[in-house]
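Structure incoming, see below.
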Amino acid sequence: MNVHRLWYLTLKNFKTMVRDKAQLAWLLGYPLIFVLLYRFAFEEGVFALMAPAILIAGPTILIMQLSTHFAEEKEFGTLQRLVTTPASRSIILLSGLLAQLIVGIIQIVIFLALILILGAEVASYAYIFYLFLIPFLVTFSSLGFGLLLASIVKNSGSAGGIAWFIILPLQFLGGVVTNPPLLGFLPTSLAVESLRSVMTDGIVSFEIVGLRLIYLLIWGLVASLIGILFFQRKTAIL
Amino acid sequence: MELAIETNGLKKYFDDIHAVDGIDLKIPKGSLFGVLGPNGAGKTTTIRMLTTVLYPTSGDAKVLGFDIKKETNEIQKRIGVCPQDLVMYDRLTARENIHLIAQMHGMAKMDYKERTDELLGKMNLLDRADSIIKNFSGGMKRRLNVLMAVVHEPELLFFDEPTAGLDPQARRVVWDFIKDFQEKESTILLITHSMEEADDLSDELVIIDYGKIIAQGSPEELKGKLGEGDIIEFKVKATEERSEIIQRAQKLDFVKWGKSVGKHRVVLNALDGLRRISEIMDAVEVKMDDMKVRKNTLEDVFIDLTGRRLRD
């Protein structure tokens, strides 16, 4: 793998994202609006209880962002132009994932900071690492779903629309609006439950948190692997 | 003769559509080779196979000695592609777009920085080098599209309609640029539906129609096949009369051939046609509207072969 090509392409992806004012406003504004709405809609105690769910809702949006990014590359022919250079398809793919991962990390930090500033409580700040790790693992799964979606849609408009058919079930059935989650096996459910144990109860035991995180990691790996395979197959020379 | 491109029975089918239907090409290294044909003739599909974007349905092709099915990476290292569409990143600057392609080709930073400035200067884009290209005009983007294909000094260049939509002055700049590049011993494959472009630039060319090669040779050879006569083109009102008009014209021994083109036009090839125009007017016995007398063009070659215009 050529690290230089990967770096240049990731940088290109990141630049094109942040130079688009609408996209930048969305990337930064979405966490702000989401957290503020939750804070003003609920009392402080309820907000604190909902905080883990809010933190997990954030990374699910990456499904839309990533699928739109790759659908645009297909739609506008830039993917095809890159394919005629020595940059391999894997590097092109990985660069897109990395750029979105950076965005995901920035969003997690914003979500986390806002939640803590607006009154969410953490049982022990010794476990602050988990507050970052768990949403990050959800980000990982979201990127896999996003890639899978990008491989089947024809354009960025469809990607943006269809993404909500994945995001909303993940949020509504995965504990973002109900406690407990309706479907316990979803990555969002595993993440919300783990985060709630860490934030509210200060529990980080293997049985309650560790095992769920392993399942979450498996979700991320499987979703990303299927996404990569599908995308490579759909954009391969035919 | 060393070949840059060699294809044998190259085919690409999309279900029932035979986009490319058995193309045999032999393109010598260092030549500027034109591929002329109407829209939908299979030109772009051919380029897409040769540039490793599409996999052929059947047939073989070698680009710079490498198999397009098995040695794609070797080909990608050595080619430059200027696609028909304006394919670039709207939120990068002109300089960044060129740098990106150079970086993908593994050029050293010092080399590509210097070369980018040189190229932007040649295409009169240096003063806008650091502007985001989103607001560039179509012509500026078209010139940038060309620069992105050549920054890494490829051995073989594919230009797919490089001047589409350009004004005559900008077209001339791009043509000069392409000719300069050929002088540096690069091989150029120029795909176009502009007969003027193919005629002016190509050493040799093929004419493609419905996925097949229908003629091959230098522009002079192809035009020469039509004979030494002048082309007389005119419009008639009644379409049904045209075959009779042509028959009547061909009774004159200096009229070599005649064709109906489009809905209302007739094209005749007549030796010394300009001087004997009055004899032709008498022979056809109809009012010849919007008449033009000119020398053979590649379009006439296409009309002779297919009975259609390139843009029909």
Side-chain angles (χ1 to χ4, degrees), chain A residues 1-27 65 68-96 98-99 103 154-156 232-238, chain B residues 12-15 44-45 47-57 63 68-70 72-93 96-97 99-109 112 132-134 145 148-149 151-152 154 156-158 160:
Chain A
M1 179 172 297
N2 187 309
V3 181
H4 286 104
R5 284 192 190 119
L6 180 63
W7 163 246
Y8 289 128
L9 280 174
T10 307
L11 198 65
K12 177 271 295 177
N13 290 330
F14 196 70
K15 273 184 191 171
T16 52
M17 246 188 293
V18 298
R19 283 181 187 170
D20 181 348
K21 284 177 190 158
Q23 207 169 352
L24 187 64
W26 164 255
L27 295 177
Q65 288 170 201
T68 307
H69 163 76
F70 277 115
E72 273 179 0
E73 289 263 6
K74 283 200 292 183
E75 191 179 349
F76 301 133
T78 43
L79 186 67
Q80 207 177 87
R81 182 154 210 165
L82 289 176
V83 163
T84 63
T85 72
S88 68
R89 281 160 210 265
S90 323
I91 284 186
I92 297 168
L93 193 63
L94 205 57
S95 69
L98 275 176
V103 171
K154 291 233 184 305
N155 56 53
S156 51
Q232 291 224 344
R233 178 178 286 190
K234 288 282 183 177
T235 58
I237 52 173
L238 299 168
Chain B
K12 182 68 190 178
Y13 296 168
F14 298 101
D15 299 321
T44 299
T45 307
I47 262 205
R48 290 177 76 196
M49 285 190 280
L50 297 175
T51 55
T52 75
V53 175
L54 276 178
Y55 198 85
T57 305
V63 173
I68 61 162
K69 293 175 188 167
K70 296 175 193 156
T72 52
N73 197 246
E74 292 304 319
I75 295 170
Q76 288 154 2
K77 283 179 198 168
R78 293 165 174 82
I79 61 169
V81 183
C82 175
Q84 187 177 354
D85 298 321
L86 300 171
V87 178
M88 53 198 69
Y89 291 97
D90 267 4
R91 287 191 177 79
L92 296 185
T93 65
E96 285 169 338
N97 268 293
H99 283 182
L100 182 71
I101 299 297
Q103 287 157 351
M104 293 305 103
H105 281 277
M107 280 178 85
K109 195 173 185 175
Y112 69 68
I132 302 287
I133 63 156
K134 193 170 182 265
N145 206 31
M148 288 169 73
V151 60
H152 54 293
L156 172 59
L157 263 160
F158 293 88
D160 192 355

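Residue numbering restarts at 1 for every chain, and letters A, B, ... go by the order of the sequence lines.
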Reported CG-to-NZ distance for the pair N155(A) and K74(A), which is rounded to 0.5 angstrom
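Answer for the CG-NZ pair, N155(A) versus K74(A), is 9.5 Å.
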
Going from CD on E96(B) to CD1 on I133(B), what distance comes out if it is rounded to the nearest 0.5 angstrom?
10.0 Å

Which pair of non-hydrogen atoms, one from G80(B) and one from P154(B), has the smallest distance, and what is that distance?
N-CB, 3.4 Å

Name the region of L92(B), side chain, backbone, both or neither, that has any atom closer than 4.5 Å to a heavy atom of chain A.
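L92(B) touches chain A through backbone and side-chain heavy atoms alike.
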
First locate atom CZ of R81(A), then atom CE of M104(B), and finally report the distance between them rounded to the nearest 0.5 Å.
13.0 Å

Between OG1 on residue T72(B) and NZ on residue K77(B), distance to nearest 0.5 Å
10.5 Å

Of the backbone (N, CA, C, O) and the side chain (C-beta and beyond), which part of M148(B) lies under 4.5 Å from a heavy atom of chain A, both, or neither?
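The answer is both parts of M148(B).
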
So what's closer than 4.5 Å to chain A heavy atoms on N145(B): side chain, backbone, both or neither?
both

Looking at Q76(B) and A87(A), would you say the former's side chain and the latter's main chain have a donor-acceptor pair under 3.5 Å?
no

If I take atom OG1 from residue T45(B) and atom OH from residue Y13(B), how far apart are they, to the nearest 0.5 angstrom?
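Between T45(B) OG1 and Y13(B) OH, I get 13.0 Å after rounding to 0.5 Å.
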
Using only non-hydrogen atoms and a strict under-4.5 angstrom cutoff, which residues of residues 10-19 of chain A touch chain B?
K12(A), K15(A), T16(A), R19(A)

Contacting region of E73(A) [heavy-atom separation from chain B under 4.5 Å]:
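It is the side chain, since no backbone atom gets that close.
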
Please tell me if the side chains of F76(A) and D85(B) come closer than 4.5 Å, counting only heavy atoms from C-beta onward.
no

Part of R78(B) lying under 4.5 Å from any heavy atom of chain A
neither

Indicate whether the side chain of W7(A) and that of Q103(B) have a donor and an acceptor atom separated by less than 3.5 Å.
no

Cut-off 4.5 Å, heavy atoms of chain B, and the answer for Y8(A) is both

With a 4.5 angstrom heavy-atom cut-off, could you sort out which part of N73(B) is near chain A: side chain, backbone, both or neither?
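Contact with chain A involves the side chain of N73(B) alone.
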
What option among R48(B), K134(B), H99(B) has the most heavy-atom pairs under 4.5 Å with chain A?
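The answer is R48(B).
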
Can you tell me which portion of I132(B) sits under 4.5 Å from chain A's heavy atoms? Options are side chain, backbone, both or neither.
side chain

Looking at I79(B), is its backbone amide N or carbonyl O close enough to the side chain of H152(B) to form a donor-acceptor pair, meaning the two atoms are under 3.5 Å apart?
yes

